[in-house]
Trainee: 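Structure below; questions to follow.
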Amino acid sequence: MDETAQNAEKRIVIIGGGFGGLSAAKALAREPFEITLIDRNNYHLFQPLLYQVATAGLSPADIASPIRSVLRGQKNAKVILADVSGIDTTRNEVIAEGRRIPYDALIVATGARHAYFGHDAWAEYAPGLKTIDDATYLRRRILLAFEKAEAEDDAEERRRLLTFVIIGGGPTGVEMAGAIAELAKRALTSDFRSIDSRSARIVLVEAADRVLTPFEPALSEAARRSLEKLGVEVRLGSAVSDCNSDGVQVGDQFIETRTIVWGAGVMASPAGRWLGAETDRAGRVKVGVDLSVPGLPNVFVVGDTATVSGADGNPLPGVAPVAKQQGQYVARVLIARQSGKTTDSFRYRDFGTLATVGRKSAVVQMGRLRLTGFLAWVLWSFAHIYFLIGFRNRFVVALNWLWSYVTFERGSRLITGVSAADLEQMGRHDKATPKVKTG
Ligand SMILES: Cc1cc2nc3c(=O)[nH]c(=O)nc-3n(C[C@H](O)[C@H](O)[C@H](O)COP(=O)(O)OP(=O)(O)OC[C@H]3O[C@@H](n4cnc5c(N)ncnc54)[C@H](O)[C@@H]3O)c2cc1C
């Protein structure tokens, strides 16, 4: 084995402890590398269940695990908590909070954020769902809407408070709409005295002619029917042209509401800018077939921050299995390089797509298998519990789901950290500000 090749890429820096970054780090566990994983959060987040935190079904700690404890047993890996702001590709250094962290090979796995298609002002009125903070903020807003409605004398304002508009009929929008409907029409029904939470109006707005476009049309239709059965009003072929503090403009109709949820688009992290690399319209770095950045063979980009074509020639979707497989693939490339070998191009193995609609219905598309309804939900539940990191999380989530399946209860209905801006956003905040715990 060539000594130079062996030591050439010894220091591996990974930016991002999400699905892509963590799977790369773990796949290098037994290899003679010095791995440094940098993340601005001290936890790995299981984003597919964020909507359950936003709708009071689970607590933040149920779906997050400290990165340090995930990598505790991995002696060749260290973790740095820092926000990366740049990459010096000439000196092979990552820039994070005034530090410069040198690398021989770099894996960038910094994910994506929601995007507003050039309407950034909408962010204030239509918060999205990407982080724990986003989820607890949305949870606060949704629960506060019910509290405010309970104390509201004006019927018109009560109607606005009990109207929830979800923009975007992708998996996040569908999951949020279903979960808010179940919260209003099942979990909260006995808790209020002045309002009937069942009267809440939940509207899901989608510009395309069906929800869940990554699925086959028949499954989209099944998901739409399930949503309507839960009491969600599904508006297809309806583009949103404005969001403000009073509501949403959908086509030629203005829907008055105090709670808007954004689930309509994402933008990659700014890694493309840090690397001076070519990106697509969503800011994703156009990587080569080995996931390295053209012109920078020791820099790889994986997951939601990268774009690469699948077998059908279309860009791979921004989902967790793509990020995980890409992280594992780059680990294989680095291991092979140590002994001067090369690896085949990256190929994504698609094991299927799943999305849930409420607490006992889902749609599943796996190879030739198509499932809807309860059986699909059982599969969805097992898949999500299986992929959660940590025994405690798996156990707690499974128990929570079983409990809420039997009782309809939502155990995580805490309103915390209410700010003046929240109350402002809720419209008339002069009356009956609910008693809340802050911090
Ligand atoms: C609400 C929601 C629901 C979803 N549902 C599903 C689903 O059901 N099934 C599915 O397969 N996929 C789902 N996804 C998509 C899936 O979560 C992503 O495709 C996946 O997380 C991408 O992995 P990643 O490693 O590229 O990025 P991420 O998992 O987002 O990880 C990025 C990491 O980088 C860190 N980071 C970012 N910027 C910096 C910086 N500047 N400095 C330091 N650290 C930084 C972040 O803290 C984070 O830990 C969902 C996503 C969301 C938001």
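Every number for a ligand or one of its atoms is a count from 1 in the order of the listing.
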Trainee: How long is the straight-line distance from CD of E31 back to CG of N76, given to the nearest 0.5 Å?
Mentor: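 If we round to the nearest 0.5 Å, N76:CG and E31:CD are 8.5 Å apart.
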Trainee: Give me the nearest non-hydrogen protein atom to atom 53 (C) of ligand 1 as residue plus atom name, then the distance to 0.1 Å.
Mentor: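 Answer for atom 53 (C) of ligand 1: L129 O, 3.4 Å.
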Trainee: Can you check whether Y43 has an N/O within less than 3.5 Å of an N/O in ligand 1?
Mentor: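 So ligand 1 has no N or O lying under 3.5 Å from an N or O of Y43.
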Trainee: State whether R100 and D88 are salt-bridged, where the test is any N-O pair (Lys NZ or Arg NE/NH1/NH2 against Asp/Glu carboxylate O) under 4.0 Å.
Mentor: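 Between D88 and R100 there is a salt bridge, with a charged N closer than 4.0 Å to a carboxylate O.
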Trainee: Any N or O on A112 sitting closer than 3.5 Å to an N or O of ligand 1?
Mentor: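 It does not: no N or O of A112 is found under 3.5 Å from an N or O of ligand 1.
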Trainee: For Q74 and K26, test the side chains for any donor-to-acceptor distance below 3.5 angstrom and give the result as yes or no.
Mentor: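 There is no such pair between these side chains.
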Trainee: Of the protein's non-hydrogen atoms, which lies at the shortest distance from atom 31 (O) of ligand 1, and what is that distance?
Mentor: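 So the nearest neighbour among protein heavy atoms is G18 CA, 3.2 Å.
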Trainee: Classify the contact between W274 and ligand 1 as side chain, backbone, both or neither, using a heavy-atom distance cut-off of under 4.0 Å.
Mentor: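 For W274, the contact with ligand 1 is made by the side chain alone.
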Trainee: What residue and heavy atom of the protein are closest to atom 20 (C) of ligand 1, and at what distance?
Mentor: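 The closest heavy atom on the protein side is F19 CD1, 3.6 Å.
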Trainee: What atoms in ligand 1 come closer than 4.0 Å to a heavy atom of D83?
Mentor: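 Checking each atom against D83, I get 40 (C), 41 (N), 42 (N).
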Trainee: List every atom of ligand 1 that sits less than 4.0 Å from any heavy atom of G318, numbering the atoms from 1 in the order shown and giving each element.
Mentor: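 Here the atoms of ligand 1 in question are 15 (C), 19 (O).
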Trainee: Taking the six-membered ring for Trp, are F387 and F382 closer than 6.0 Å centroid to centroid?
Mentor: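 No, the ring of F387 stays outside the 6.0 Å limit from the ring of F382, centre to centre.
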Trainee: Would you say K360's side chain and V378's backbone share a donor-acceptor pair under 3.5 angstrom?
Mentor: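 No: the side chain of K360 does not pair with the backbone of V378.
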Trainee: Specify whether F374 and W377 have parallel, tilted or perpendicular ring planes, treating 30° as the upper limit for parallel and 60° as the lower limit for perpendicular.
Mentor: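 Ring orientation, 0 to 90° scale: parallel.
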Trainee: Could you tell me the residue and atom name of the protein heavy atom closest to atom 25 (O) of ligand 1, and the distance to it rounded to 0.1 Å?
Mentor: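 Answer, as residue, atom name and distance: G20 N, 2.8 Å.
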Trainee: Is it true that the side chains of T131 and D133 contain a donor and an acceptor less than 3.5 Å apart?
Mentor: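 On atom types as modelled, these side chains do not qualify, holding no pair under 3.5 Å.
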Trainee: Between the candidates A109, A82, A96, which shows the shortest non-hydrogen contact distance to atom 33 (C) of ligand 1?
Mentor: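 Among A109, A82, A96, the closest heavy atom to atom 33 (C) of ligand 1 comes from A109.
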Trainee: Considering the heavy atoms of T172, write down every atom of ligand 1 situated less than 4.0 Å from one of them.
Mentor: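 Those atoms are 1 (C), 2 (C), 3 (C).
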Trainee: Between OH of Y51 and OG1 of T172, what distance do you get to the nearest 0.5 Å?
Mentor: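 Y51 atom OH to T172 atom OG1 measures 10.0 Å (nearest 0.5 Å).
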Trainee: Would Q47 count as being in polar contact with ligand 1, using the rule that some N or O on each side must be under 3.5 angstrom apart?
Mentor: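 Yes: some nitrogen or oxygen of Q47 is under 3.5 Å from one in ligand 1.
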Trainee: Under 3.5 Å, N or O to N or O, is G303 touching ligand 1 that way?
Mentor: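 The answer is no, given that G303 and ligand 1 share no N or O pair closer than 3.5 Å.
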Trainee: What are the atoms of ligand 1, with element, lying closer than 4.0 Å to any heavy atom of P321?
Mentor: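 The atoms of ligand 1 under 4.0 Å from a heavy atom of P321 are 11 (O).
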Trainee: I need the nearest protein heavy-atom contact for atom 12 (N) of ligand 1: residue, atom name and distance, please.
Mentor: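 It is A320 N, 3.3 Å.
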Trainee: Which residue and atom name correspond to the protein heavy atom nearest atom 23 (O) of ligand 1, and how close is it?
Mentor: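 For atom 23 (O) of ligand 1, the nearest protein heavy atom comes out as A323 CB, 3.4 Å.
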Trainee: So how far is it from N393 CG to H44 NE2, rounded to the nearest 0.5 Å?
Mentor: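 If we round to the nearest 0.5 Å, N393:CG and H44:NE2 are 9.5 Å apart.
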Trainee: Do any pairs count as a side chain to side chain donor-acceptor pair (under 3.5 Å) and have a residue in residues 343-358, sequence neighbours left out, and if so which ones?
Mentor: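 Listed once each, the pairs would be none.
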Trainee: Closer than 4.0 Å to some heavy atom of N41 - which atoms of ligand 1 meet that?
Mentor: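 Counting from 1, the qualifying ligand atoms are 47 (O).
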Trainee: Counting each atom of ligand 1 from 1 as listed, which ones have a heavy atom of K130 under 4.0 Å away?
Mentor: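 Those qualifying, in numeric order: 53 (C).
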Trainee: Can you find an N or O of E175 that's nearer than 3.5 Å to an N or O of ligand 1?
Mentor: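 E175 vs ligand 1: no N/O contact under 3.5 Å.
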Trainee: Checking a contact table here: which protein heavy atom is nearest atom 44 (N) of ligand 1, and how many Å away?
Mentor: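 Here the nearest protein heavy atom works out to R40 N, 3.1 Å.
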Trainee: Going by side-chain contact (heavy atoms from CB on, under 4.5 Å), name the residues that satisfy it together with D246, two or more places apart in sequence or in a different chain.
Mentor: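 Per chain and number, D246 pairs via side-chain contact (heavy atoms from CB on, under 4.5 Å) with N244, F254, R258.
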Trainee: Would you call D104-K10 a salt bridge at under 4.0 Å N-O?
Mentor: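 Salt bridge flag = no for K10 with D104.
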Trainee: Any non-hydrogen atom of W380 lying under 4.0 Å from ligand 1?
Mentor: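 No; W380 lies far enough from ligand 1 that no heavy-atom distance drops under 4.0 Å.
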Trainee: From atom 48 (C) of ligand 1, work out which of L354, D39, V84 has a heavy atom at the shortest distance.
Mentor: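 Selected option, by shortest heavy-atom distance: D39.
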Trainee: Around atom 37 (C) of ligand 1, find the nearest protein heavy atom and jot down its residue, atom name and distance.
Mentor: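 Result for atom 37 (C) of ligand 1: T110 O, 3.2 Å.
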Trainee: Check whether any N or O atom of G16, backbone or side chain, sits under 3.5 Å from an N or O atom of ligand 1, and answer yes or no.
Mentor: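 Not met; the criterion fails.
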Trainee: Ligand 1 and D304, any nitrogen or oxygen pair closer than 3.5 angstrom?
Mentor: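 It does: an N or O of D304 is found under 3.5 Å from an N or O of ligand 1.
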Trainee: How long is the span from the OG1 atom in T163 to the CD atom in E233, to the nearest 0.5 Å?
Mentor: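 With rounding to 0.5 Å, OG1 (T163) is 9.0 Å from CD (E233).
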Trainee: Mind listing the closest non-hydrogen atom pair of S238 and V205 along with its distance?
Mentor: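 Closest pair (atom of S238, atom of V205, distance): O-CG1, 3.3 Å.
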Trainee: Between A109 and V302, which heavy-atom pair has the shortest distance, and what is it?
Mentor: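 Of all heavy-atom pairs spanning A109 and V302, the closest is CB-CG2, 3.6 Å.
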Trainee: Just heavy atoms, cut-off under 4.0 Å: does P48 contact ligand 1 by side chain, backbone, both, or neither?
Mentor: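 Answer for P48: both.
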